[in-house]
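Report on one structure; see the data block that follows.
Note that this is a predicted model, so its numbers are computed, not measured. Position 1 is the first residue of the sequence, and the numbers go up from there.
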Amino acid sequence: MLYAVGDIHGFTDQLDRALKLIEKDGGQEAPVVFLGDYVDRGPDGKGVIQRLMDGQAAGRPWTCLIGNHDLMFWRFVTSGIWQDRMIKSGKGWLHHRLGGNTTTMSYRPDLSIPDGIDPVTDADRSWLQPMLQQAVPQAHLDWIANGPRYHHAAGHLFVHAGIRPDVAMKDQTEEDLVWIREGWIDNEDDHGIMVVHGHTALDFPEHLGNRINLDSGAGYGRTLVPAVLEDGIWYTLDETGRTLLSPQRLNPNR
């Protein structure tokens, strides 16, 4: 058996619930692949990272992939980079739509960055970036920097956002692995391996035949839904047990 958990986005309560469901189904030593985006939008990005690091330190067989929000956080703290060219709106990481304001406040609860503003300018960085450099443990930054961008297990490929179709894994860029949507989520090709990802928020996990999206929208207030793979079949988990995650076509009329 192998378990997978989609985007957590700073919600430790959702993570704790998912871990309890997994432990109930598969025991404390169950292998789990987390698909990235541990920070932003939810109130406790710091707590989510620490929970996962503590589990790994205790010997849990957990693989924690790195997502685009984790990298935006890391880049601001380490380099002062507050915008990413993949954000077409031009909003900075601290804007509440991106959620860096809540991650900042999880490390510095004395700060208040209200919704609806994008507070980072070149002048702001002169105090905000050094303040976060002091507040964020180096171990958290190293964990993000050194975390895997993809993972092969049980005949599946696990990645945060997806892959560039028809490009060998050795030639995939980090940007595609953590950001891709265009050319990926509408692609119905057989990729030669089942790809399990998050990043594109849904109301509930979907199995599209050539890929499985486990981002059930926790970052937008929806329920984090863990999944389990056994004997080649995927199931979602809740308090009642397992529910078959049935494959469906992206385009049912094709």
_By salt bridge (charged side-chain N to carboxylate O under 4.0 Å, His left out) - contacts of Asp166 (at least two apart)_ = none
With clusters defined by side-chain heavy atoms of hydrophobic residues (ILVMFWY) lying less than 4.5 Å apart, directly or transitively, does [Y] cluster with [X]?
X	Y	value
Val225	Tyr38	no
Tyr3	Trp234	no
Ile8	Ile144	yes
Met86	Val178	yes
Met194	Val228	no

In Å and rounded to the nearest 0.5 Å, what is the [atom1] to [atom2] distance from [X] to [Y]?
X	Y	atom1	atom2	answer
Arg17	Leu237	CZ	CG	9.0 Å
Leu35	Ile66	CG	CD1	11.5 Å
Glu206	Asp215	CD	CG	11.0 Å
Leu202	Leu214	CG	CG	9.0 Å
Ser246	His207	OG	NE2	8.5 Å
Leu132	Leu141	CG	CG	9.5 Å

*Start with the C-alpha gap between Ile87 and Leu98, add the side-chain angles, then the distance that decides, and say whether side chain to side chain contact (heavy atoms under 4.5 Å, CB included) holds.*
CA-CA 9 Å; Ile87 303 297; Leu98 278 296; 3.5 Å; yes
Is the side chain of [X] donor-acceptor paired with the backbone N or O of [Y] at a distance under 3.5 Å, no angle test?
X	Y	result
Ser79	Ile81	no
Gln248	Leu208	no
Gln133	Val77	yes
Ser216	Thr223	yes
Thr103	Gly45	no
Thr102	Asp40	no
Gln172	Arg164	yes
His156	Ala154	yes
Asn213	Pro205	no

Restricting to non-hydrogen atoms, name the atom on [X] and the atom on [Y] that form the minimum distance, rounded to 0.1 Å.
X	Y	answer
Pro61	Ala30	CG-O, 3.6 Å
Met1	Pro31	O-CG, 3.3 Å
Gly47	Thr12	C-CG2, 3.6 Å
Leu94	Gly100	CD2-O, 3.6 Å
Tyr220	Ala201	CE1-CB, 3.8 Å
Met169	Leu177	CE-CD2, 4.2 Å

Could you tell me whether the side chain of [Y] reaches within less than 4.5 Å of the side chain of [X], counting heavy atoms only?
X	Y	result
Glu182	Asn187	no
Phe34	Leu65	no
His96	Arg41	no
Val5	Ile22	yes
Trp143	Leu52	yes
Ile212	Val195	no
Leu2	Phe158	yes
Pro165	His191	yes

Under 3.5 Å, is there a donor-acceptor pair between the [X] and [Y] side chains?
X	Y	value
Thr200	Arg181	yes
His199	Asn68	yes
Asn101	Trp93	no
Gln14	His9	no
Ser106	Asp44	no

*asked:* Counting neighbours of CZ on Arg149 that are heavy atoms of other residues, nucleotides or ligands and sit closer than 6.0 Å, is the number greater than 12?
replied: yes
Identified side chain to side chain contact (heavy atoms under 4.5 Å, CB included) partner of [X] from the options [options]:
X	options	value
Arg211	Ile185, Val196, Ile193	Ile185
Asp7	His197, His69, His160	His160
Tyr235	Thr243, Leu244, Asp25	Leu244

*Hey, mind stepping through His95 and Trp82 against ring pair (Phe, Tyr, Trp, His ring centres under 6.0 Å) and telling me if it holds?*
CA-CA 10 Å; His95 192 281; Trp82 57 279; over 10 Å; no
*asked:* The test is side chain to side chain contact (heavy atoms under 4.5 Å, CB included); show your working for Asp37 and Asp70 and say whether it passes.
replied: CA-CA 6 Å; Asp37 277 6; Asp70 312 313; 4.2 Å; yes
*asked:* Applying salt bridge (Lys or Arg N to Asp or Glu O under 4.0 Å) to Arg75 and Glu174, what does each step give before you reach the verdict?
replied: CA-CA 14 Å; Arg75 286 170 181 157; Glu174 179 181 76; 3.2 Å; yes
_Ring-ring centroid check Tyr107 Phe73, cutoff 6.0 Å_ = yes
*Go through the steps to decide whether Arg51 and Asp16 satisfy the test salt bridge (Lys or Arg N to Asp or Glu O under 4.0 Å), and finish with yes or no.*
CA-CA 9 Å; Arg51 288 271 209 294; Asp16 289 344; 2.8 Å; yes
*Does the pair Lys24 and Glu239 meet the rule for a salt bridge (Lys or Arg N to Asp or Glu O under 4.0 Å), with working shown?*
CA-CA 9 Å; Lys24 179 181 178 182; Glu239 283 73 13; over 6 Å; no
